[in-house]
*Asks:* 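Structure provided below as structure tokens; questions to follow.
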Amino acid sequence: MGEQVPAEAKKAAKAAEAGATARPAAAEEPGGKPARKSAPKKAAPAGRTAPAKKAAPSTKATVSRKATVSKQATASTKATTPKRATASKEATVAPVSAEAAVTEAPGVKEAPGGKAGGKKPPKTESRTALVRRARRINRELAEAYPYAHPELDFENPFQLIVATVLSAQTTDLRVNQTTPALFAKYPTPEDLAAANPEEVEEILRPCGFFRAKTKSVMGLSKALVEDFGGEVPGRLEDLVKLPGVGRKTAFVVLGNAFGRPGITVDTHFQRLVRRWKWTEETEPDKIEAAVGALFPKTEWTMLSHHVIFHGRRICHARKPACGACPIAPLCPAYGEGETDPEKAKKLLKYEKGGFPGQRLKPPQAYLDAGGIPAPPLGAG
């Protein structure tokens, strides 16, 4: 019996070594699957084989975890890839859409650099919308005043330029009532240049500032005689060189005596174009440039007549007749004056209110439209 124990121990040791050798091989078998249990594994009841049996599930768990992680990584990649692609597309498309929106949206004001200023661009009128609204206002005024005309009486360029110089600081009506006596006595530049200043002053007294105006018209007449042969020049650069003649007077003469387009920026014109938000400028030459850019050049002269007519008859400085205004839906300043239609009618002037106009000799179209000639000086 003493010799049999070592033999059995040797057999158990050999079986354990065989099992230990087989298990690592099974774990490394290609395909990640454990090898089939061999016969020596059945001898594992020995204490040394128990840990080996626990190693197999650990290998399976590791493989399972790797597979799970791999699947999750793949799924995560698949789920993430479309989002990144979509985000990339959005990043490419968004700036174009935003830029197009800034350019096309009528309520967005562009900064000098061509981009909307600030995070939330102010919803002001776009340039295109302004041009359309301004031209529509002019069309509406043309329908309201189809007989619009210069409201100074004249028969030739000389009479017009003198009357325009005299109209400063007074009404066209007062000038029209004064010039008949002046032109009857001094019909040409040569006559007025050689006149007695005191006699001219007496004639011009009703116009106000008669001494300064006498000096202006006599100096103007002298310059016409000496520099232009007694004729009124038809160029802007020549007209503005004459004493008492600025751009406003020059454009009145060019537009109405020579048929050459020009914008007349008088007090009425300045007031209305700012009320209508055509420009924020306050200097006449800048107003002229800003408004001129909104209209074709061929419309400048009649545009001036339409705006000035409207300013004198309806859109007054102190109390506009908003309730009787034909362009009320287009006017940003609607409501500054009387909005009740019946009360507004009482504010209308000249032919709109049934009263005489400013010209003693108005065009026939004005008379045909119901206009009433102004009375001569001293007629009441």
*Asks:* Only one of H306, R313, H310, E351 passes side chain to side chain donor-acceptor pair (under 3.5 Å) with Y145; say which it is.
*Replies:*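 With Y145 as partner, side chain to side chain donor-acceptor pair (under 3.5 Å) holds for just one option, H310.
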*Asks:* How long is the straight-line distance from CG of D191 back to CG of L182, given to the nearest 0.5 Å?
*Replies:*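 Result: 10.5 Å between the selected atoms.
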*Asks:* Measure from the ring center of H149 to the ring center of F309 and say whether it is less than 6.0 Å.
*Replies:*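 Between F309 and H149, which both carry aromatic rings, the centre distance is below 6.0 Å.
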*Asks:* Of the non-hydrogen atoms in S304 and G262, which two are nearest, and what is the gap between them?
*Replies:*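 Closest pair (atom of S304, atom of G262, distance): OG-O, 3.6 Å.
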*Asks:* How far does CG of D227 sit from NZ of K241, to the nearest 0.5 angstrom?
*Replies:*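 Going from the CG atom of D227 to the NZ atom of K241 covers 9.0 Å.
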*Asks:* For residues T178 and P206, report the shortest heavy-atom separation together with the two atoms involved.
*Replies:*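 Closest pair (atom of T178, atom of P206, distance): OG1-CB, 3.9 Å.
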*Asks:* Do L360 and Q177 come close enough that some side-chain heavy atom pair is under 4.5 Å?
*Replies:*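 Answer yes - side chains close enough.
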*Asks:* On a heavy-atom basis, which atom in C322 and which in G337 lie closest, and how many Å separate them?
*Replies:*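 Between these two residues, the closest heavy atoms are SG-N, 3.4 Å.
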*Asks:* Kindly say whether the aromatic ring centers of W278 and F295 come within a distance under 6.0 Å.
*Replies:*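 Yes, the ring of W278 comes within the 6.0 Å limit of the ring of F295, centre to centre.
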*Asks:* Report the C-alpha distance between R235 and D238 in whole Å, list the side-chain angles of each, state the deciding distance to 0.1 Å, and finish with yes or no for salt bridge (Lys or Arg N to Asp or Glu O under 4.0 Å).
*Replies:* CA-CA 5 Å; R235 300 194 311 165; D238 293 331; 2.9 Å; yes
*Asks:* Measure the CD-CD1 distance between E201 and I203 for me, rounded to the nearest 0.5 Å.
*Replies:*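 These two atoms lie 11.0 Å from each other.
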*Asks:* Hey, could you give me the CD/OH distance between Q358 and Y350, rounded to the nearest 0.5 Å?
*Replies:*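 These two atoms lie 3.5 Å from each other.
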*Asks:* Between Y186 and E199, do the side chains contain a donor N or O and an acceptor N or O under 3.5 Å apart?
*Replies:*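 Yes, a side-chain donor-acceptor pair sits under 3.5 Å.
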*Asks:* Applying a strict under-4.5 Å side-chain criterion to I, L, V, M, F, W and Y, I'd like to know whether F210 and L192 cluster together.
*Replies:*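 Yes, same cluster.
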*Asks:* Quick test of your reading of the model: are E125 and R133 salt-bridged, counting only N-O distances below 4.0 Å?
*Replies:*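 Between R133 and E125 there is a salt bridge, with a charged N closer than 4.0 Å to a carboxylate O.
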*Asks:* Among I161, V252, T249, exactly one meets side-chain contact (heavy atoms from CB on, under 4.5 Å) together with L239. Which residue is that?
*Replies:*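 Result: among I161, V252, T249, I161 is the only option passing the side-chain contact (heavy atoms from CB on, under 4.5 Å) with L239.
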*Asks:* Atom CZ in R260, atom CH2 in W300: separation rounded to 0.5 Å?
*Replies:*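 Going from CZ on R260 over to CH2 on W300, the span is 14.5 Å.
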*Asks:* Is it true that the side chains of D368 and Q364 contain a donor and an acceptor less than 3.5 Å apart?
*Replies:*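 Judged by distance alone, the side chains do pair up.
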*Asks:* Is the shortest side-chain heavy-atom distance between T170 and F209 below 4.5 Å?
*Replies:*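 Heavy-atom side-chain distance check fails, nothing below 4.5 Å.
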*Asks:* Return the minimal non-hydrogen interatomic distance between P284 and Q270, and the atom names on each side.
*Replies:*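 Heavy-atom minimum between the residues: CG-NE2, 4.0 Å.
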*Asks:* Working to the nearest 0.5 angstrom, can you tell me the gap between F355 CZ and I372 CD1?
*Replies:*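 Output value for this atom pair is 9.0 Å.
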*Asks:* Looking at R247 and L236, what are the two nearest heavy atoms and their distance?
*Replies:*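 Looking at all heavy atoms of both residues, the shortest contact is NH1-CD2, 3.8 Å.
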*Asks:* What are the two closest non-hydrogen atoms of S221 and A193, and how far apart are they?
*Replies:*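 It is CB-N, 3.7 Å.
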